[in-house]
Amino acid sequence: WTKVSPFIFARSRLRKGLAIVDFVSESVLQAFRETGAYLKGHFRLTSGLHSSEYVQCALVLQHPAIAERFGRELAAQLPDCDVVVAPAIGGLPIGHEVARAKGARFIFTERDAASGQMIFRRGFSIAPGERALVIEDVVTTGGTTREVIDVTAAAGANVLGAGSIIDRSGGRVDLGVPRVALATLDV
């Protein structure tokens, strides 16, 4: 590990011929450790991947002061917007906090039980040309985040970027828009 700043560490290594750089915000991971949200063991992730580490964002975000801090940190790295969109359920707390920090409206998508697709419900709508950010708690393969970006763009928004607390892809996921994460891990 190389210290990049007082709170960020990076390590480089080779995997299948690719140089992988993990950027880890020590202050972010410390919040996970202190709240019991950073777990070690063997985990099968929703994406189907396996990991020896697991970060349970719900456990860390149950603390409003931490959720607010993470929301402000993400918001500071992203452009101004009119609306923040997040997938239910994991993206709700952090999406709301980013919207609050940006002074923007907050809406969310839900997975439709019949079609399995992400949709807007509850009367949520987007006006054509609204500037949107998509916020998620954790990105691993980017599948859910891409779905939210697609449904948001299809509704007429200009999706400016995406953000997450944790990026478990090691920075490899391409969402088609600029994205940021508070901590990047390689699963």
Side-chain angles (χ1 to χ4, degrees), residues 1 4 7-11 13 15 20-78 84-102 106-113 116 118 121 133-149 151 161-175 179-187:
W1 291 96
V4 176
F7 302 105
I8 299 177
F9 296 81
R11 76 176 167 185
R13 56 200 161 85
R15 177 193 258 186
I20 304 297
V21 179
D22 296 340
F23 290 98
V24 178
S25 169
E26 188 53 38
S27 66
V28 169
L29 289 184
Q30 186 61 31
F32 277 85
R33 286 186 202 100
E34 289 173 357
T35 59
Y38 181 82
L39 309 171
K40 289 194 172 257
H42 181 261
F43 304 94
R44 184 176 183 273
L45 307 175
T46 306
S47 64
L49 298 175
H50 294 262
S51 176
S52 62
E53 299 172 303
Y54 187 75
V55 288
Q56 178 49 268
C57 287
L59 290 177
V60 76
L61 294 175
Q62 72 180 324
H63 302 279
I66 296 172
E68 179 182 19
R69 184 183 107 211
F70 286 177
R72 286 183 183 189
E73 289 177 10
L74 269 175
Q77 298 180 53
L78 292 161
V84 171
V85 184
I89 192 159
L92 296 182
I94 192 61
H96 187 270
E97 291 299 334
V98 170
R100 180 164 46 159
K102 287 289 189 191
F106 173 70
I107 63 176
F108 57 90
T109 61
E110 298 175 75
R111 193 162 302 283
D112 181 66
M118 281 292 190
R121 294 179 51 193
L133 296 173
V134 173
I135 303 297
E136 176 70 285
D137 57 350
V138 177
V139 170
T140 303
T141 65
T144 299
T145 307
R146 271 195 285 290
E147 284 184 78
V148 176
I149 289 169
V151 74
S164 62
I165 301 169
I166 303 291
D167 171 6
R168 285 195 292 224
S169 79
R172 291 183 299 273
V173 167
D174 179 3
L175 298 174
R179 71 181 179 97
V180 298
L182 296 183
T184 300
L185 307 171
D186 187 34
V187 174

Would you be so kind as to tabulate the donor-acceptor pairs closer than 3.5 Å made by side chains of residues 63-70, with sequence neighbours excluded?
unit_1: Glu68; atom_1: OE2; unit_2: Arg72; atom_2: NH2; d: 2.8
unit_1: Arg69; atom_1: NE; unit_2: Glu73; atom_2: OE2; d: 3.1
unit_1: Arg69; atom_1: NH2; unit_2: Ser27; atom_2: O; d: 3.3

Partner residues of [X] under the side chain to side chain donor-acceptor pair (under 3.5 Å) criterion, sequence neighbours left out:
| X | answer |
| --- | --- |
| Tyr38 | Glu53 |
| Glu147 | Arg111 |
| Glu110 | Arg122 |
| Arg100 | Glu97 |

Discussion item. Checking Phe32 now: which residues fulfil ring-ring contact (aromatic ring centres under 6.0 Å, His included) with it, not counting sequence neighbours?
Written reply: none

Fill in: Partners passing salt bridge (charged side-chain N to carboxylate O under 4.0 Å, His left out) against Asp167 (at least two apart in sequence or in another chain)
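Checked Asp167 against salt bridge (charged side-chain N to carboxylate O under 4.0 Å, His left out); matches are Arg179.
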
Below 4.5 Å, heavy atoms only, C-beta onward: do [X] and [Y] meet side chain to side chain?
| X | Y | result |
| --- | --- | --- |
| Tyr54 | Arg168 | yes |
| Leu185 | Leu29 | yes |
| Leu182 | Ile166 | no |

Show the atom names and distances, to 0.1 Å, of all donor-acceptor pairs under 3.5 Å that link a side chain in residues 85-93 to residues at least two apart or in another chain.
none

Worksheet entry | Chi angles and distances behind the side-chain contact (heavy atoms from CB on, under 4.5 Å) call for Ile135, Leu78 | CA-CA 10 Å; Ile135 303 297; Leu78 292 161; 3.7 Å; yes

Worksheet item: Any salt bridge (charged side-chain N to carboxylate O under 4.0 Å, His left out) pairs touching residues 133-144, not counting sequence neighbours?
Response: none

Could you grab the distance from atom [atom1] of [X] to atom [atom2] of [Y], nearest 0.5 Å is fine?
| X | Y | atom1 | atom2 | answer |
| --- | --- | --- | --- | --- |
| Lys40 | Ser52 | NZ | OG | 6.0 Å |
| Ser164 | Leu74 | OG | CG | 7.0 Å |
| Ile149 | Met118 | CD1 | CE | 12.0 Å |

Worksheet item: Between Cys57 and Val138, which heavy-atom pair has the shortest distance, and what is it?
Response: SG-CG2, 3.4 Å

Discussion item. Please give me the minimum heavy-atom distance between Leu175 and Val173, naming the atom from each residue.
Written reply: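 Residues Leu175 and Val173, closest heavy atoms: CD2-CG1, 3.6 Å.
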
Fill in: Leu61 and Ile165: CA distance, side-chain angles, deciding distance, side-chain contact (heavy atoms from CB on, under 4.5 Å) verdict
CA-CA 10 Å; Leu61 294 175; Ile165 301 169; 3.9 Å; yes

